[in-house]
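Data first, discussion second: the structure below is written as structure tokens.
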Protein chains: 2
Amino acid sequence: MVKFSKKLEYALISLRHISNAGNEVIRVRDISEKYNIPHDLLAKILQKLKNSKILISSQGINGGYTLNRKLNEIPLSELMMIVENTTTIAECFHNDDKTCTIIDSCTIKDPLSKIQTEFENILKNKMISDFV
Amino acid sequence: MVKFSKKLEYALISLRHISNAGNEVIRVRDISEKYNIPHDLLAKILQKLKNSKILISSQGINGGYTLNRKLNEIPLSELMMIVENTTTIAECFHNDDKTCTIIDSCTIKDPLSKIQTEFENILKNKMISDFV
DNA sequence: TAAAATCGGACTAATATAGTCGTATTTTAA
DNA sequence: TTAAAATACGACTATATTAGTCCGATTTTA
């Protein structure tokens with residue numbers, strides 16, 4: 001069955017928590033303990049969110065994370081890319097003005113790719129705020 | 001990344017092929033060879049489709065499969081359940097007439113379940129014919 | 001009756017996900 | 001100034017899922 005990953009769930013839980021905390025700086029440990037998420041695993045997920053500018057981090061003894069972008073402006077697809085290290089599938093140029101140069105190797109032709117493409121389009125229109 | 005399985009793809013390819021063949025009986029070997037799909041694996045997938053009444057099989061030397069239902073009447077979600085041995089997620093009774101009896105343990109509360117539920121609703125409205 | 005098809009359980013291999021470990025760096029309060 | 005506590009990050013291990021294989025049984029018909 002198609003499943004969404006734990007990493008995605010941990011990211012969503014964290015973003016909700018940090019978002020609800022307003023300007024307060026949130027430590028990895030705070031989230032890890034409250035929601036029973038492995039600390040090291042969560043730490044890496046939040047690092048990725050920081051590297052992609054969704055969170056802001058501060059190191060040191062009073063360090064932690066705060067939000068850098070509004071959750072209703074971040075598509076779910078973007079979050080999935082970030083936490084799961086995947087790149088977007090190739091854009092399809094097989095459009096009306098006949099600019100497609102990759103017809104021979106076009107992956108959209110097979111059924112699974114059609115599903116995958118349609119699915120990813122759906123995810124682009126779902127914002128994180130819709131789920132937390 | 002969320003991915004759809006090879007089994008689902010093999011099922012879709014097979015259904016398209018059998019559908020296009022009209023009344024002709026199609027052998028596992030025909031599909032297996034034409035699309036380079038492992039024979040034994042494909043055989044089991046088609047067996048499942050037969051057990052769930054999407055295909056009709058005949059055994060023996062001239063045996064094979066034919067279609068039993070129209071592809072535009074089979075939701076993608078149903079096909080996924082069949083080929084991947086999964087059961088549907090629990091129906092949510094948390095509806096207007098307040099008949100929900102599982103609020104305390106309701107899994108829809110966490111973000112991932114919200115996504116999963118929405119996603120499965122989408123799949124119910126996509127028919128196999130939309131993808132093959 | 002032999003060939004060729006489906007039937008189906010048990011098994012193995014490959015891949016992806018989840019989680020752990022160790023060490024470095026940064027910051028700040030005592 | 002130094003110890004504590006936080007993030008930073010690569011490498012590693014464990015677990016779960018998916019993909020594929022193997023082998024024998026049953027069914028049908030030329």
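Below, chains carry the letters A, B, ... as their sequence lines are ordered, and counting in each starts from 1.
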[atom1] of [X] versus [atom2] of [N]: gap in Å, rounded?
X	N	atom1	atom2	answer
B:Met80	D:dT18	CE	P	10 Å
A:Lys6	C:dG19	NZ	P	7 Å
B:Leu42	D:dT21	CG	P	12 Å
B:Glu84	D:dA19	CD	C1'	12 Å
B:Glu9	D:dG20	CD	P	11 Å

- List the steps, then state whether side-chain contact (heavy atoms from CB on, under 4.5 Å) holds for B:Leu71 with B:Leu15. CA-CA 8 Å; B:Leu71 297 188; B:Leu15 288 173; 4.1 Å; yes

On the nucleotide [N], are OP1 or OP2 found under 4.0 Å from the side-chain N or O atoms that [X] carries?
X	N	answer
A:Tyr10	C:dG19	yes
A:Lys3	D:dT17	yes
A:Tyr65	D:dA8	yes
B:Ser57	C:dA5	no
A:Ser58	C:dT27	no

Out of curiosity, [X] [atom1] to [Y] [atom2], how far, rounded to the nearest 0.5 Å?
X	Y	atom1	atom2	value
B:Leu79	B:Phe131	CG	CZ	11.0 Å
B:Phe4	B:Glu84	CZ	CD	9.0 Å
A:Ile56	A:Tyr65	CD1	OH	12.0 Å
B:Asp130	B:Asn125	CG	CG	10.0 Å
B:Arg16	B:Ile31	CZ	CD1	11.0 Å
B:Leu49	B:Leu55	CG	CG	5.0 Å

Every protein N/O lying under 3.5 Å from an N/O of nucleotides 28-30 of chain C:
residue	atom	partner	partner atom	Å
C:dA29	OP1	A:Asn62	ND2	3.3

Would you tabulate the side-chain donor-acceptor contacts of residues 33-47 of chain B under 3.5 Å, counting partners in other chains and residues two or more places apart, or write 'none'?
residue	atom	partner	partner atom	Å
B:Tyr35	OH	B:His17	ND1	2.9
B:Gln47	NE2	B:Ala43	O	3.4

- Which residues within residues 19-40 of chain B lie with some heavy atom under 4.0 Å of an atom in DNA chain C?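 Those residues are B:Arg27, B:Val28, B:Arg29.
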
- Message: Give me the atom names and distance for the closest heavy-atom approach of B:Lys124 to B:Met127.
- Response: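 Heavy-atom minimum between the residues: O-CE, 3.7 Å.
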
- Message: Using modelled atom types and a 3.5 Å cut-off, is there a donor and acceptor pairing between side-chain atoms of A:Ser32 and backbone atoms of A:Val28?
- Response: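 No, the answer is negative, given that no donor and acceptor are paired below the 3.5 Å cut-off.
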
- Please list residues of residues 45-56 of chain B whose heavy atoms come under 4.0 Å from any atom in DNA chain D, ordered by number; otherwise none.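 Heavy-atom contacts with DNA chain D come from no residue of residues 45-56 of chain B; none.
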
- Message: Between B:Lys44 and A:Lys7, which residue's closest nucleotide on DNA chain C lies nearer the 5′ terminus?
- Response: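 In this pair, the answer is B:Lys44.
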
- Co-members of B:Val25 in a cluster of I, L, V, M, F, W and Y side chains, linked at under 4.5 Å: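 Traced through the cluster, B:Val25 reaches no other member.
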
- Base, sugar-phosphate, or nothing for B:Phe4, non-hydrogen atoms under 4.0 angstrom?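 The residue B:Phe4 makes no contact with any strand.
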
- Message: Does anything in residues 66-81 of chain A form a side-chain hydrogen bond (donor to acceptor under 3.5 Å, both in side chains)? List the pairs, not counting sequence neighbours.
- Response: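 Listed by first then second residue: A:Arg69-A:Glu78.
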
